[in-house]
Number of protein chains: 2
Amino acid sequence: MTTDNTTATAALAPDDLRLEKFLPYRLSVLSNRVSNAIADAYGTRFHLTIPAWRVMAILGRFPDMSAADLVEQTAMDKVAISRAVSSLLKNDYITRSEDPADRRRQVLNLSELGRDVYARIVPLAQQYEADLMSSLSIEERGQLDSIIEKLMDRAQAWAERGLID
Amino acid sequence: MTTDNTTATAALAPDDLRLEKFLPYRLSVLSNRVSNAIADAYGTRFHLTIPAWRVMAILGRFPDMSAADLVEQTAMDKVAISRAVSSLLKNDYITRSEDPADRRRQVLNLSELGRDVYARIVPLAQQYEADLMSSLSIEERGQLDSIIEKLMDRAQAWAERGLID
DNA sequence: GGAAAGTGGTTACAATTGAAACCAATGTTA
DNA sequence: TAACATTGGTTTCAATTGTAACCACTTTCC
């Protein structure tokens, strides 16, 4: 690289944008790095995509959920859930049975195999999280928790009430 | 919804995973909410995708960059940059000229029009960020900054040294 | 100076994703 | 009980994205 503008003293107008300090950008880079690393870890071991793993994570704790329940729980959309469910069925990680009370509704659960895999992924996931958290002090962990909560509410408000202006 | 498992007292085994408290998951939801809202705001106004806007944001501060320089600056990959550049050229938001010293290299800059659009987006972006930040106290803003830095380093280390175990 | 290796950038193709249309079952209204 | 609207879930099609192959130019090293 011949011209290195990175460190150049480019005039920074008062209203230039410093991307590397711009919160939405930083969140996006951080989230992608983390998700990709983890997805890679259990994706290769168990042939799971992120959406599929999320479905399993919910079913592991809350049995007898329908696809619609999952949509609500995970904030993923219908189509993503539908695809995740069908790939999990193909792997025999979950079972599906008709709800006699409402024949549109399909009740989902982890299969034996699914529970097995779940039991092996959970510690793995926790290990990754712990490794991330280990870079923070105890106080920082609490701070992060409450900060995320606040930012989430704010961003949620955008979606509900419409955007700024 | 008839069966509400959300609030049900499902037995939570000690090593169940609480997705809603799982940091990677929370980061992903937060980042998607924020990015989508903002992309929507300037996407519809100026026909910009997120990668394209990022390219403009960098060129606004650092003129005369090549695509390779942009790759380094933004942590996006070659192909994404190439596509963003070609869409920006189509919109006449940027200009491209050959570097006489190295004829593989293309020097990029905002066009008049591009500078115009840039000048209008920057305040918009800043407004969104300010709105997000307004949900945090001053101390929290500082905390967030340093926390992100630490998490980023950690996740970066995964990518470089390989994953855990 | 000429092969081999490296770099800047684009293209091609496959996999992922999202929006909208759709089917089937249920609920509602009259 | 016939029409209409709603809900659960899947399919279809187009747009986005990622990986790998590729072309053109430049550098290196004998």
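The chains referred to below are lettered A, B, ... by the order of the sequence lines, with proteins before strands, and numbering in each begins at 1.
- Heavy-atom nearest nucleotides on DNA chain C were determined for A:Ala80 and for A:Pro100, and the one closer to the 5' end corresponds to A:Ala80.
- Listed pair A:Ser66 / D:dG9 meets the phosphate criterion, a side-chain N or O lying under 4.0 Å from OP1 or OP2.
- Between A:Ser82 and D:dG9 there is no side-chain N or O to OP1 or OP2 distance below 4.0 Å.
- Considering only heavy atoms from C-beta on, A:Asn91 stays 4.5 Å or farther from A:Phe46 through its side chain.
- Between A:Asp77 atom CG and C:dT16 atom P there is a gap of 16 Å when expressed in whole angstrom units.
- Straight-line distance from the CD atom of A:Gln106 to the P atom of C:dA24: 14 Å, rounded to whole Å.
- Between the NZ atom of B:Lys78 and the C1' atom of D:dA21 there is a distance of 11 Å, rounded to whole Å.
- Rounded to whole Å, the distance from CG on A:Asp102 to P on D:dT7 is 12 Å.
- Taking 4.0 angstrom as the limit, A:Ser86 places none of its side-chain polar atoms (N or O) nearer than this to OP1 or OP2 of D:dT10.
- For B:Val79, the side-chain atoms get nearest to D:dT19 when compared with the rest of D:dT10, D:dT19, C:dG9.
- The base of D:dT7 is paired with the side chain of A:Arg104 by a donor and an acceptor separated by under 3.5 Å.
- We find that CD of B:Glu72 is positioned 16 Å from C1' of C:dG9, with the value rounded to whole Å.
- Whole-Å rounding puts the A:Arg103 CZ to D:dT7 P distance at 19 Å.
- What separates CZ of A:Arg105 from P of C:dA24 is a distance of 21 Å, to the nearest Å.
- Residues A:Pro51 and B:Ile81 both approach DNA chain C. Their nearest nucleotides, taken by heavy-atom distance, put B:Ile81 toward the 5′ side.
- B:Ser31 places no side-chain N or O within donor-acceptor distance of the main-chain N or O of B:Ser28, the cut-off being under 3.5 Å.
- In the hydrophobic cluster analysis, where Ile, Leu, Val, Met, Phe, Trp and Tyr join through side-chain heavy atoms closer than 4.5 angstrom, B:Trp53 is grouped together with B:Met76.
- Between the side chain of A:Arg83 and the base of C:dG18 there is at least one donor-acceptor pair of N/O atoms closer than 3.5 Å.
- A:Asp69 places a side-chain heavy atom less than 4.5 Å from the side chain of A:Arg105.
- The main-chain N or O of A:Arg96 is never found under 3.5 Å from a side-chain atom of A:Gln106 such that the two would form a donor-acceptor pair.
- Taking atom CE of residue A:Met76 and atom C1' of nucleotide C:dT17, one finds them 11 Å apart after rounding to whole Å.
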